[in-house]
Amino acid sequence: MGVEGCTKCIKYLLFVFNFIFWLAGGIILGVALWLRHDSQTTNILYLQLGDKQAPNTFYVGIYILIAVGAVMMFVGFLGCYGAIQESQCLLGTFFTCLVILFACEVAAGIWGFVNKDQIAKDVKQFYDQAYHQVIQGDPNSTNGKAVLKTFHETLDCCGTNLLESAFTQLLRDDICPKKDNMMYSNCHQKIDELFSGKLYLIGIAAIVVAVIMIFEMILSMVLCCGIRNSSVY
């Protein structure tokens, strides 16, 4: 015997929420793959200065997002199927997966909040190292010039301030983008904007998903109790 009345409404409401959750998982997976292959981040984070690789903290977060998106799509499908079939076993498994996923999202959010400034800081230090090696003519710098040109052309910047930009343009115009005027953006500022913008997008997606998960946990427990009570009568 199937559920009736308000419990039936909850059943279809849970199905709708799970479908949205499944779509959200697909969106997060798509956004994560886009961030992973975005030309700005890949051009910078694939750089290598001698034997020193560019910081990969940002990509660690991206790989976590890819895994979360894939798991969300699976859990969303599980919730949809469990709601339609009115299966207590499937709904219990779905609820457990949601709790684990919610805990992982909270942990990932804390990790991202702690490391949000460190990501840009590490990349700026990497840029500064390449910049000083090239300007000072360090013989140990094997590809510093190529690293700087990639930063400058990708972010359309040169140097860390206006004075340094003008100095670089006058003495080393081979490492800055060709422009009609001498006004270049601050590379440190551009790096901050690059990563803060990406993290802001990730943060919005995480908050939306967290709210959906809380509603789904409540609805799944109510439906599970309703199915149990309906089977008694």
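Just so you know, these numbers use all the heavy atoms, side chains as well, and skip hydrogens, waters and symmetry mates. None of the values given here were measured: they were computed from a predicted structure.
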Closest non-hydrogen atom pair, [X] against [Y]:
X	Y	value
Ala120	Asp192	CB-OD1, 3.5 Å
Cys97	Val75	CB-CG2, 3.8 Å
Ala83	Leu91	N-CD2, 4.0 Å
Ile191	Val123	CG2-CG1, 3.9 Å
Phe151	Cys157	O-SG, 4.1 Å
Phe19	Cys80	N-SG, 3.6 Å

> Who passes ring pair (Phe, Tyr, Trp, His ring centres under 6.0 Å) against Phe17, sequence neighbours left out?
Replying inline: Phe215
Shared hydrophobic cluster for [X] and [Y] (ILVMFWY, side-chain gaps under 4.5 Å):
X	Y	result
Leu23	Leu13	yes
Ile100	Trp22	no
Ile20	Ile207	no
Tyr12	Val222	no
Val208	Ile28	yes

To the nearest 0.5 Å, what is the distance between [atom1] on [X] and [atom2] on [Y]?
X	Y	atom1	atom2	answer
Met217	Phe94	CE	CZ	9.0 Å
Gln88	Thr93	CD	OG1	11.5 Å
Ile10	Ser220	CD1	OG	10.5 Å
Asn18	Ile212	CG	CD1	10.0 Å
Glu153	Thr150	CD	OG1	7.0 Å
Phe15	Ile84	CZ	CD1	5.0 Å

> Given Ile214 and Phe102, is the side-chain contact (heavy atoms from CB on, under 4.5 Å) satisfied, shown in steps?
Replying inline: CA-CA 8 Å; Ile214 291 171; Phe102 186 79; 4.0 Å; yes
> Aromatic ring centroids of Tyr131 and His152 under 6.0 Å?
Replying inline: no
>> Going by the rule side chain to side chain contact (heavy atoms under 4.5 Å, CB included), which residues pair with Leu29 if we only count those two or more places apart in sequence or in a different chain?
In response: Leu33, Ile66, Met73
> Where do Asp128 and His188 land on the side-chain contact (heavy atoms from CB on, under 4.5 Å) test, with the steps shown first?
Replying inline: CA-CA 9 Å; Asp128 290 343; His188 280 195; 2.8 Å; yes
>> side-chain contact (heavy atoms from CB on, under 4.5 Å) for Tyr127 and Leu155? Distances and angles first, verdict last.
In response: CA-CA 12 Å; Tyr127 170 82; Leu155 301 179; over 6 Å; no
>> So, using side chain to side chain donor-acceptor pair (under 3.5 Å) as the criterion, who are the partners of Glu193 when residues are at least two apart?
In response: Gln189
